[in-house]
Protein chains: 2
Amino acid sequence: MDTLETRELRYFVTVAEELHFGRAAERLGMAQPPLSRAIQQLERRLGVTLLDRNRRGVALTGAGQVLLDEARTLLDGAAAAARRTRRAASTTTRLVLATKAGANHDLLRNLLDAHAAEPDAAEIEVVLCGMGDQARMLRDGRADVAFMQRPFDNLAGFDTEDLTTEPQVAIVPAAHPLAARTSLTTAEISDVPDLPLARWPDPDGRYEPGPGPEIRDLSQLAQLIALGHTTAVLCASARSWLWSAHAAIPLTDSALVTTVLAWPAHSRSRAVAGLVRTASRL
Amino acid sequence: MDTLETRELRYFVTVAEELHFGRAAERLGMAQPPLSRAIQQLERRLGVTLLDRNRRGVALTGAGQVLLDEARTLLDGAAAAARRTRRAASTTTRLVLATKAGANHDLLRNLLDAHAAEPDAAEIEVVLCGMGDQARMLRDGRADVAFMQRPFDNLAGFDTEDLTTEPQVAIVPAAHPLAARTSLTTAEISDVPDLPLARWPDPDGRYEPGPGPEIRDLSQLAQLIALGHTTAVLCASARSWLWSAHAAIPLTDSALVTTVLAWPAHSRSRAVAGLVRTASRL
DNA sequence: CGTCGGTGATACCGGGCGGGTATGACAGCG
DNA sequence: CGCTGTCATACCCGCCCGGTATCACCGACG
């Protein structure tokens, strides 16, 4: 009756992303008519129109937008279930820890050292990922635990253990006049004409418009700051990877950043529980 | 390749629950051989044995236990997706609020009054459910928001807004000598020979063994306390429904109970957001 | 120790459904 | 008024899901 098949959800998500049945069918490796029919069946079963087929294009209805969100998390969940089940079958319990490349290096090292000292330490594989990819990696089972940062990352749906709290600093080129300052305010760093703030991608990989350069990872950022082209606000532990061409200036009015260890809610993994216990003693 | 179909998951969950292919097939309304085959296909696709078929019975492997957990939440999620999508299509935005029957009556009334006074108030349907059913109702989409209690309920996977914090009290028969006390400790109330503590079901509906009577809802509890057969520890707001045959004695050393408004993480519902905003102003 | 009951697995068959191809309907556009 | 691009419809086919019949296996029992 109301049993959504994952195949249908996969089809719907692709169509909703492409907003074009032909291209969606191509991406799915099938022909367009069966895809149209599958979406119609889905709509009939739900008793809801998910897509507005106007001439010249397809648009999501409100219900379609809701189902798109739901379907994405369900498909992630299905992939996660398969991965976790396979992982559970392999005898070697290995944990995958996801973290932003370059962030919290010292903290990570401390945690790994402490964990390795435990008697029944599970092997830990560290996966470096882009900004904000940790949530998706946890959701779809590619990672078991992750370093995330409050308030930047959305922690909804995860259990967390607070690790450290630190202020933020502005990273500026050492040659820039601002490098001589002993402190700055958020307003000051946001409004330097010759030093626009670097822009990070949002979760969809898009960039908000703005004057600063578009950044994907910390090595890009480090280079561009060293070149004197941009500046950025990061948490204080970023000092551990600064170049001599960088200067870190404390921000007096910035929000405190808490780095947390996050894992999927309801996780029953003993290995995760062990790592969390170790982390809570740090 | 590794695409778990919900049909397969439904089959697997049923078999894992029954631990018997014949009965599982009957519950699923199908014959046993196709069910066996479907499970075999699932195992082959995952490359994992999920069930140990010993003579005399079927048992879950470790991987099978993992998949059972995952599959249950996935199936709940699929049902939720269907319900939420249908709900989104109906023009009248109606919110379903789940709460334990009888708990937090005054708080609920305040919230509903405040919400009704809002200009664009969505209609709210209150669903009373058993102890701890709120989590499942949120997960499978039967409810949009719920009253839950920290630290009793597992809030993992939900966003929450704290509402009130209150101490716990012991509810004892007014005729019992303890009713004359002005305060009690947890140890004292746990160890009264003629007044064993009532026992609540765990999430599976089972009862831990113990001397006290097995309780399903507050009306049962109220009756049994009034009869002088049992006692219970509840949060202080339970006073609002006490009978004259009851007495509430403060517990000096009990944990504080925080009642929270909870909703599914990542909810993008405007109606939920509105209610949360109202609640945060209470 | 043979038989029987109960279990899951296997063999085989039929129908329905998912998918393909060809084509239609329709709007925008030159 | 064709042309083009788009999604829907019509129709056919092959596969896979599900059903029936049966087997293989083991435990229980007299």
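Letters A, B, ... are given to chains in the order of the sequence lines, protein chains preceding strands, and every chain is numbered from 1. None of the values given here were measured: they were computed from a predicted structure.
Across the protein-nucleic acid pair, B:D52 atom CG and C:dG8 atom C1' stand 14 Å apart, rounded to whole Å. A:E43 has its CD atom 12 Å from the C1' atom of D:dA8, to the nearest Å. Remark: P of D:dC17 and CG of B:L42 are 12 Å apart, rounded to the nearest angstrom. Summarising the geometry, the separation between CG on A:L51 and C1' on D:dC7 is reported as 11 Å, rounded to the nearest angstrom. For the pair B:Y11 OH and D:dC17 P, the computed distance is 9 Å after rounding to whole Å. Summarising the geometry, the separation between CG on B:L28 and C1' on D:dG19 is reported as 15 Å, rounded to the nearest angstrom. Rounded to whole Å, the distance from CD1 on A:I39 to C1' on D:dC7 is 12 Å. Taking atom CG of A:L35 as the reference point, atom P of D:dT6 lies 14 Å away to the nearest angstrom.
Taking side-chain N and O atoms only, B:S36 has no distance below 4.0 Å to OP1 or OP2 of C:dG8. For the OP1/OP2 pair of D:dG18 and a distance below 4.0 Å, the side-chain nitrogens and oxygens of B:R7 include at least one atom meeting the criterion. A close approach under 4.0 Å does occur between a side-chain nitrogen or oxygen of A:R53 and OP1 or OP2 of D:dA8. Residue A:H20 has no polar side-chain atom (N or O) positioned under 4.0 Å from OP1 or OP2 of D:dG5.
In terms of position on DNA chain C, the residue among A:A31 and B:P34 whose nearest nucleotide sits closer to the 5' end is B:P34.
The salt bridge (charged side-chain N to carboxylate O under 4.0 Å, His left out) test applied to A:E17 returns A:R27, A:R72, not counting sequence neighbours.
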Which pairs would a plain distance check flag for residues 63-70 of chain A, meaning a side-chain donor or acceptor within less than 3.5 Å of a matching protein atom at least two apart in sequence or in another chain?
residue	atom	partner	partner atom	Å
A:D69	OD1	B:R268	NH1	3.4
A:D69	OD2	B:R268	NH1	2.7
A:E70	OE1	B:R84	NH1	3.0
A:E70	OE2	B:R84	NH1	2.8

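Taking every side-chain heavy atom of B:R37 into account, C:dC12 is the closest of D:dA10, C:dC12, C:dT7. Checking D:dC7, C:dT10, C:dG19 against the side-chain heavy atoms of A:M30 singles out C:dG19 as nearest. The side chain of A:F21 lies closest to D:dC7 when the candidates are C:dT21, C:dA9, D:dC7. When each of D:dA8, D:dG18, C:dT21 is scored by its nearest atom to the side-chain atoms of A:Q40, the top-ranked nucleotide is D:dA8.
Residue B:Q41 is classed as a sugar-phosphate contact, given heavy-atom separations below 4.0 Å to backbone atoms only.
Donor-acceptor pairing under 3.5 Å, judged by distance alone, is present between the side chain of B:Q32 and the base of C:dA9.
Side-chain N or O atoms of B:D140 include one that pairs as donor or acceptor with a backbone N or O of B:R142 at under 3.5 Å.
Ionic pairing of A:R87 and A:D144 is present here: one or more N-O contacts between side-chain nitrogen and carboxylate oxygen are shorter than 4.0 angstrom. Between A:E8 and A:R45 there is a salt bridge, with a side-chain nitrogen of the basic residue lying less than 4.0 Å from a carboxylate oxygen of the acidic one.
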